[in-house]
Amino acid sequence: MVLDSFSGGGSIPLESIRLGLPTYASDLNPVAATALKLALELIPAGGKELARKMKRDLADFQNVADEIGRKHFGAADSLAYMWCRTYECPNCHADVPLLPNKWLSKKKNLRAVKLITSENHISFEIFEPKSKLEIEYASIGTISTKTAKCPCCSFEVPTSNLQELGKAGGIGDILYAKLSIDSDGNKLYESPTVDDLNAFNSSDIDRNLEHLVNCLDIPLDLNGIRHLWAIQYGVSTVSSLFSNRQKNVLLELVNAVLLMKEKIRKSSKSEQEYQARYLMLVVSLNRIMVYNNKHSWWQANGEFPASIFVRQAISMVWSYVEVPIHTKFAGGWASSVKWLNKIIDHISNIDTTAVVSKLDAANLDLNDKSVDIVVIDPPYFDSITYAYLSDFFYSWMKPLLSDELPNWFQEKSTPKSAELIVDRKHKLSPSPKDSNFFEEKMTACLMEKHRVLKDDGQLILMYGHKKIEAWIHLFEAIKRSKFTPVSSWPIHSERKSKFQHSKVDALATSCILVLNKIDASSSSKKISAKEFKLKFSEVTAEAIKSAQKLSVSGGDLFMAILAPCLALYFSHDIEQTDSDLYSMQDFISDLELESAKVYA
DNA sequence: ACCCAGTGTTTTGTAACATC
DNA sequence: GATGTTACAAAACACTGGGT
């Protein structure tokens, strides 16, 4: 059996079931576990027939999306609405639009917005920048990372003041452009009309749905502020990530999915089929949400929206885009369904299903020595704060799934304290999750792997981080949990540019470590630092030689020689004297030095 | 050739550290 | 204590590459 207890998006267990191997996938995060259950368990189990029904459900829902879209966006048939945030200039009292730049389209047809100022009022005009001067004008906005500048009186306000203003409710929103399609099918940027504003302002919510609004009152967790930057500007709850209209549309979609339950149940031949089809609709709403919030922005270069999670963080976005769900362009329902259908087609062809659970990786419901191979891609130290970011989805999923997956969606928000990550330090974050927590938790997780692995089983672990600290705590955890490295391999992303190493940056590449179990009672040999260094240079020289035979070069060399050197390090207990200290940090630095020497 | 869902790169600002 | 240096990180910007 193959085990991945940090499944996340599920690429490892997906490949495993594609190979027809018995697979066990788990994740602590209920949002991830839900997607895993659908993709790795329910869809493969349902096969072609389920796939057909799912695709029909999604197609049927288009009518609902169209109806809700028309209700809230009016008769206009626009592709996107461009909004930006505003603040009141403390000097001239103008409502200043916060724009990082003025571009709408930087493709073959250049379009930008012009700010027309009269005394203390600013209005917008759309134009085609032609001259160099106009292009320069379009590239300059009203806000940089440091300050915002009023176009009327040129009075400057530092962003720290905007943060205070935001917390006090002093940041507003203004609609400054919209994108439509003309009769020839060309993209057309226009100024919004009175009707557009009226449609926005008259967007209202059914009183019966107000109970659903409460589920969005989840605070964005301050511990995760280093990935939730928008908190600093007063974006403090999940609810505040959405405009009124976006919230109304999404709540009606949620309600429509809830109302669809009975219909799906009646037309399903089993409880399992019902669950699969219902979960598919829930997950499809998640796709709509990432494009329908105040943190998805317009990519003028490609003329399409960027989702809130185009980076794994929620940053402050000054100029955002609102996509009507009933457009067939990016961000709309139809476009999302297109992608979902592809996924359904692919996965429904797989014959093997995985066993999915929502569990802490340090406490699995598996028997001792029952697993042949563990393949994991555990969290990379402080790189991604999965749980904090998941609250964006969790809050919407809770009312949808509290009946179907009651144990997974019981808490008010995504469980965070047990998650194996380090919270980056920030003056506003009181988080206790430091590197020691990471090492302890990683050790507990790896010890659990040691327990469930057969004696001749292997643990394959992917890891990457620029910080030496991140590697030290991983290595300590590996040592403490009684594993020893057998081999190590550098990983590249599929992008070509990553191969073009300009300099040796050893820790910049990720690696795969293959680990074997060692006897829990075994102990390491005592050795002096001096003796160890001698052995170390022998092993390193040997490892470099064999790596070079395989044409491994640059930063990859570090990763390639890591395993034999680490095995050596783990098997010895280096005596630490006042005159001769040799820490894990020294060991990694030496290793870096050795691999860098080769290319000096 | 274009669409689009991103990923990679550059710019800009900031904080920590080092030096005078 | 002031000033310079360096590393890092956010945000903006540029570009890729599969798919059609």
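Owing to the predicted nature of the structure, the values given are computational and were not obtained by experimental measurement.
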Considering just the side-chain nitrogens and oxygens of A:Lys342, establish if one lies under 4.0 Å of OP1 or OP2 belonging to C:dG19. no

What is the separation between atom NZ on A:Lys106 and atom C1' on B:dC2, rounded to the nearest whole Å? 19 Å

Rounded distance (Å) that lies between atom P of B:dG13 and atom CG of A:Leu162: 15 Å

Taking for each residue the nucleotide of DNA chain C bearing the nearest heavy atom, is the 5' side occupied by A:Val317 or by A:Gly302? A:Val317

Selection from C:dC13, C:dA11, B:dA5 that lies nearest to any side-chain heavy atom of A:Ala330: B:dA5

Can you see if the side chain of A:Tyr291 gets near the phosphate of B:dG6 - specifically, an N or O under 4.0 Å from OP1 or OP2? yes

Provide, to the nearest angstrom, the distance between the NZ atom belonging to A:Lys187 and the C1' atom belonging to B:dA1. 13 Å

Provide, to the nearest angstrom, the distance between the CE atom belonging to A:Met316 and the C1' atom belonging to C:dA9. 18 Å

Is the distance from OP1 or OP2 of C:dC13 to the nearest side-chain N or O of A:Asn301 less than 4.0 Å? no

Closest to the 5' end of DNA chain B, once A:Lys107 and A:Phe309 are matched to their nearest nucleotides, is A:Lys107

Using the closest heavy atom to pick a nucleotide of DNA chain B for each, name whichever of A:Phe304 or A:Thr159 lands nearer the 5' end. A:Phe304

Give a yes or no on whether the backbone of A:Leu58 and the side-chain of A:Trp333 come within a donor-acceptor separation of less than 3.5 Å. yes

Looking at A:Tyr394, is its backbone amide N or carbonyl O close enough to the side chain of A:Ser390 to form a donor-acceptor pair, meaning the two atoms are under 3.5 Å apart? no

I need the CH2-P distance between A:Trp297 and C:dA11, as an integer number of Å. 12 Å

With a 4.0 Å limit, can you tell me whether A:Ser335 has a side-chain N or O closer than that to the phosphate oxygens OP1/OP2 of B:dA5? yes

Salt-bridge test for A:Asp391 and A:Lys416: reply yes if a basic N is under 4.0 Å from a carboxylate O, no otherwise. yes

Has the side chain of A:Glu419 got a donor or acceptor atom that lies under 3.5 Å from a matching backbone atom of A:Ala387? yes

Starting at CZ of A:Arg226 and ending at C1' of B:dT14, how long is that distance when rounded to a whole Å? 11 Å

Atom CD of A:Glu303 and atom P of B:dC4 are separated, to the nearest Å, by 10 Å

Take atom CD of A:Gln299 and atom P of C:dA14, then tell me their distance rounded to the nearest Å. 12 Å

Between the side chains of A:Asp382 and A:Arg226, is the shortest nitrogen-to-carboxylate-oxygen separation below 4.0 Å, so that they form an ion pair? no

